[in-house]
Number of protein chains: 2
Amino acid sequence: MNIGDVARQSGVPAKTIRYYEDIGLIRPNRSENGYRAFTENHVHKLAFLGRARALGFTIEDCRTLLSLYEDENRESMQVKAGAEDHLRQIEEKIAKLQSMRATLAELVEKCAGDHRPDCPIIEDLSPERLAK
Amino acid sequence: MNIGDVARQSGVPAKTIRYYEDIGLIRPNRSENGYRAFTENHVHKLAFLGRARALGFTIEDCRTLLSLYEDENRESMQVKAGAEDHLRQIEEKIAKLQSMRATLAELVEKCAGDHRPDCPIIEDLSPERLAK
DNA sequence: CATTGACCCTCCAGTAACTGGAAGCCTCAT
DNA sequence: ATGAGGCTTCCAGTTACTGGAGGGTCAATG
């Protein structure tokens, strides 16, 4: 199977597939003409990677997940531990973004948004009120 | 004022200040010895930048905000529009992360996390259930 | 006066995960 | 044989810094 077919079937762009080969996530063979030769298994792996990435796992996480995916003797606690870790990181990001949102929403609400220059948003960002 | 003082007063690391000069956000003069020579105004601007970045504005956003900050004739609607835009982007990110969290939390909960290989997380990521 | 330690300088490289584009084969159908 | 795709490699750019090497500068001390 050529890269285009694999891209269509896995949902992972050809360019990204080449990149994944570069960094050693997948190892397709080569045909005589130099084209990458993929198998069904590669399609599965790439779809797996696509889903893991969509859940926000990093490439390094994916490397681990992929080896667990292939390991018949894996212990589910290994998978769970990684996922819990990742979950925690997601929650941290959410918390940070929510705090930004709160501040920003408040400022936006206070700003008249008219033709005058007075602006609570600029004022909040300005440091003049300090150090004097 | 030298870069170290400015870094302490503004809260922006020296390395980052140099970077901001590189990309044209600030333009300190130079002393005879080649050291950057900063003014109070630079400290203000850098503190301003630090706050804007903490609210998640991109560097390009900051460039705009900084010019509005300096513009006595700005119209607050310009500031407000940018902030609203940014707010929307933050909300999108939050939504995406929350959806990841929901999926992941569900999977984590379903996973036994023991010594057996069976794992709902891996299964969810696997594409075998498709296309057959 | 020489040295030491804290600053300062520039330039180079690396981070994460791709993405776009140029230049150039391969293949199949007309 | 020619043209449209599809494939190849390699280079560069994205975001916003950060770390480090190699090397001047300055103020104070011995």
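Every chain is numbered from 1 and lettered A, B, ... according to where its sequence line falls, protein lines coming before strand lines. Values below: every heavy atom of this structure, side chains too, minus hydrogens, waters and symmetry copies.
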Non-hydrogen side-chain atoms of [X] and [Y] separated by less than 4.5 Å:
X: A:Val12; Y: A:Tyr20; result: yes
X: B:Asp5; Y: B:Phe38; result: no
X: B:Gln9; Y: B:Leu46; result: no
X: A:Pro117; Y: B:Glu75; result: no
X: A:His42; Y: A:Met1; result: no
X: A:Arg63; Y: A:Ile23; result: yes

#### Entry: Contact interval (first through last nucleotide) of DNA chain D with protein chain B, 4.0 Å heavy-atom
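First and last nucleotides in contact are D:dA16 to D:dC26.
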### Where B:Ser31 and B:Ala37 come nearest, the two heavy atoms and their spacing
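It is OG-CB, 3.6 Å.
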### Message
Just the rounded figure in Å: distance from P of C:dT27 to CD1 of A:Ile3.
### Response
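Value for this atom pair: 16 Å.
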### Message
Measure CZ/A:Arg30 against P/C:dC26 and give the value in whole Å, please.
### Response
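Those two atoms, CZ and P, are 14 Å apart.
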### Task
Sequence neighbours left out, what pairs pass salt bridge (Lys or Arg N to Asp or Glu O under 4.0 Å) with at least one residue falling in residues 19-38 of chain B?
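Pairs touching residues 19-38 of chain B that pass the test: B:Glu21-B:Arg30, B:Glu21-B:Arg36.
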### Task
Any salt bridge (Lys or Arg N to Asp or Glu O under 4.0 Å) involving residues 106-115 of chain A? Give me the pairs, sequence neighbours left out, ordered by first then second residue.
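Only A:Asp114-A:Arg116 qualify under salt bridge (Lys or Arg N to Asp or Glu O under 4.0 Å).
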### Message
If hydrophobic clusters are built from ILVMFWY residues whose side chains come within less than 4.5 Å, do A:Met77 and A:Tyr69 share one?
### Response
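Different clusters: A:Met77 never reaches A:Tyr69 through Ile, Leu, Val, Met, Phe, Trp or Tyr contacts under 4.5 Å.
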### Message
Taking A:Val6 as the starting point, is it possible to reach A:Tyr35 by hopping between hydrophobic residues whose side chains are less than 4.5 Å apart?
### Response
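Different clusters: A:Tyr35 never reaches A:Val6 through Ile, Leu, Val, Met, Phe, Trp or Tyr contacts under 4.5 Å.
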### Sorted by number, the residues of residues 32-42 of chain B with heavy-atom contact under 4.0 Å to DNA chain D
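When residues 32-42 of chain B is checked for heavy atoms under 4.0 Å from DNA chain D, the hits, listed by number, are B:Asn33, B:Tyr35.
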### Nucleic acid contacts of residues 18-27 of chain A, taken as heavy-atom distances under 4.0 Å to DNA chain D
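The stretch gives A:Arg18 as the residues lying under 4.0 Å from the strand, ordered by number.
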#### Entry: Atom pair NE2/CG of B:His86 and B:Leu55 - distance to nearest 0.5 Å
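Separation between the atoms: 6.5 Å.
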### Message
Do B:Asp61 and B:Thr58 pair up side chain to side chain, a donor and an acceptor below 3.5 Å, judged on atom types alone?
### Response
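Present: a donor and an acceptor within the cut-off.
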### Message
So, OP1 or OP2 of C:dA16: does either fall under 4.0 Å of a side-chain N or O from A:Thr58?
### Response
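Negative; the distance criterion is not met.
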### Query
Angle, rounded to 10°, between the helical axes spanning five pairs at each terminus of the helix from C:dC1-D:dG30 to C:dT30-D:dA1?
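One end axis against the other gives 40°.
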### Message
I want to confirm an ordering. Mapping A:Glu60 and B:Gly4 to their closest nucleotides on DNA chain C, which one lands closer to the 5' end?
### Response
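Its nearest nucleotide lies further toward 5', so the answer is B:Gly4.
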